[in-house]
Amino acid sequence: MIQFPLGWRFFDRLEGHHNPVEDWYQSLSEEGQDTFDALLKVNQKADSPSQWSGSKMLQGECKEHDIWEWTFFSDGRQQRVLGVFSKERKKAVFLIGCYHKQKRYTPQDCLTTAIKRAKTLREGTAVLDERQVKSNI
Amino acid sequence: MSDRSNRISRLLSSQKSRTAYIKAKLGVLVPAQIRALRLKSTEPPMPRQRDLAEEAELQQSRISMFETPGMANMTLETLAKVAAGLRSGVIVKFVPFSEMLAWENNFSPGRFDVVRLNDDVAFINPEPEAPALISGVGACIGRRISVTSTLGAASSQMNDTALGTIPSHLPPTGEQHMEMPHAG
């Protein structure tokens, strides 16, 4: 497997032993999974988050917690992955995956869940699992 | 069986799987290139999507879509408009899967840039072209061919049994006669 030196590392925030980000990933179609994998691969090599493709900082209460989201389109809707930066350099943590259609997130409590999870990360109580970037496929 | 083996197996057996794979790569790499080129543009600078929209004569909302992974099914015409707005060329090229993967693995949004038309000396004011002679035309099996070239121009005569490729290291001037061995 090719390693990208000094690249971003991505982590999923776990709920106990459960990984809700992986659940969201597994719910995607093959094309959706491939798109997310490709996005991880490209964004991993960005020098700064401003170069990330499909990303933006969220507004409102999410902004207070420095929550951003990645957007990509698959399975007939906008998929969104919400995350925050870790204190460590070039380390990003995904909090939740969801989709967005007609100005509504599904699950509907997506933003509040992301905020709760971001808080636990700041408090140092969150458990993380590193997401592998599939550079060989 | 590993993830990769599973994926390869599906790619080999399923057209739908191949389509999904290719679409996913294009859906991420095309927007990433557009965004990278827009942000690196200096003449004119394009820090905002609407800057590119003006250059490409498109709506800002469309540029936003084109920069969102997987969002837009761009037509070749739209792709040409965006490339023109960025003052870059664009190639749509069919390649082996391995080459597509290598391109993706080597692509970096920070490093990716293209010489823009204004600075593209090789296009605007190219060096006098070395005579390309008959590269790619084909080689003659078993017959004499005559290649006469002058600087910047080349001509060749060969018979209709031409096959394969003629070496392209012929001197740029003068007349060359190459004896090709008989086949078989």
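Lettering follows sequence order; numbering is per chain, from 1.
Other residues, nucleotides and ligands contribute more than 12 heavy atoms inside 6.0 Å of the CD atom of B:Q60. Around atom NZ of A:K91, more than 12 heavy atoms belonging to other residues, nucleotides or ligands sit under 6.0 Å away. For A:Q26, the CD atom is densely surrounded, since the number of other residues' heavy atoms within 6.0 Å is greater than 12.
Applying the side-chain hydrogen bond (donor to acceptor under 3.5 Å, both in side chains) test to pairs two or more places apart or on separate chains, those with a residue in residues 26-45 of chain B are B:R38-B:E67.
Distance OH/B:Y21 to CG/A:D37: 10.0 Å, rounded to 0.5 Å. Between the CD atom of A:Q78 and the OG1 atom of B:T68 there is a distance of 7.0 Å, given to the nearest 0.5 Å.
No part of A:Q33 comes within reach of chain B, as not one of its non-hydrogen atoms sits under 4.5 angstrom from that chain. Residue B:A36 does not touch chain A at all, counting heavy-atom pairs closer than 4.5 Å. Heavy atoms closer than 4.5 Å to chain A are found nowhere in B:S64, neither backbone nor side chain. Using a 4.5 Å cut-off between heavy atoms, A:W52 touches chain B through its backbone atoms (N, CA, C, O) alone. The contact between A:T71 and chain B is made by backbone and side chain atoms together, counting heavy-atom distances below 4.5 Å.
For the pair B:R7 and A:I137, the tightest heavy-atom approach, listed with the atom from each and the gap, is CG-CG1, 3.7 Å. Among all heavy-atom pairs drawn from A:K45 and B:N105, the shortest one is NZ-O, 2.8 Å. Between A:N136 and B:R4, the shortest heavy-atom contact is O-NE, 2.5 Å.
B:L52 and B:L39 are assigned to two separate hydrophobic clusters, defined by single-linkage of ILVMFWY side chains at heavy-atom distances under 4.5 Å. Cluster annotation: A:Y99 and A:V81 are assigned to distinct hydrophobic clusters (Ile/Leu/Val/Met/Phe/Trp/Tyr, side-chain heavy-atom contacts under 4.5 Å, transitive). Cluster membership for A:W24 and A:V127, using ILVMFWY side-chain heavy atoms within less than 4.5 angstrom, is not shared. Connection of A:F72 to A:L40 is established within a shared hydrophobic cluster, with ILVMFWY side chains joined at heavy-atom distances below 4.5 Å, either directly or through further cluster members. A:V42 and A:F94 end up in the same hydrophobic cluster when Ile, Leu, Val, Met, Phe, Trp and Tyr side chains are linked at under 4.5 Å.
Between A:K41 and B:L101, some side-chain heavy-atom pair lies under the 4.5 Å cut-off. A 4.5 Å side-chain heavy-atom check between B:R10 and A:E30 finds at least one atom pair inside the cut-off.
Interface remark: of the candidates B:A20, B:G70, B:P69, B:P69 forms the most heavy-atom pairs closer than 4.5 Å to chain A.
Taking 4.5 Å as the heavy-atom cut-off, the residues of residues 22-31 of chain B that approach chain A are B:K23, B:A24, B:K25, B:V28, B:L29, B:P31, ordered by number. Residues of residues 73-97 of chain B never come within less than 4.5 angstrom of chain A, heavy atom to heavy atom. Using a 4.5 Å heavy-atom cut-off against chain A, the contacting residues of residues 107-116 of chain B are B:F107, B:S108, B:P109, B:G110.
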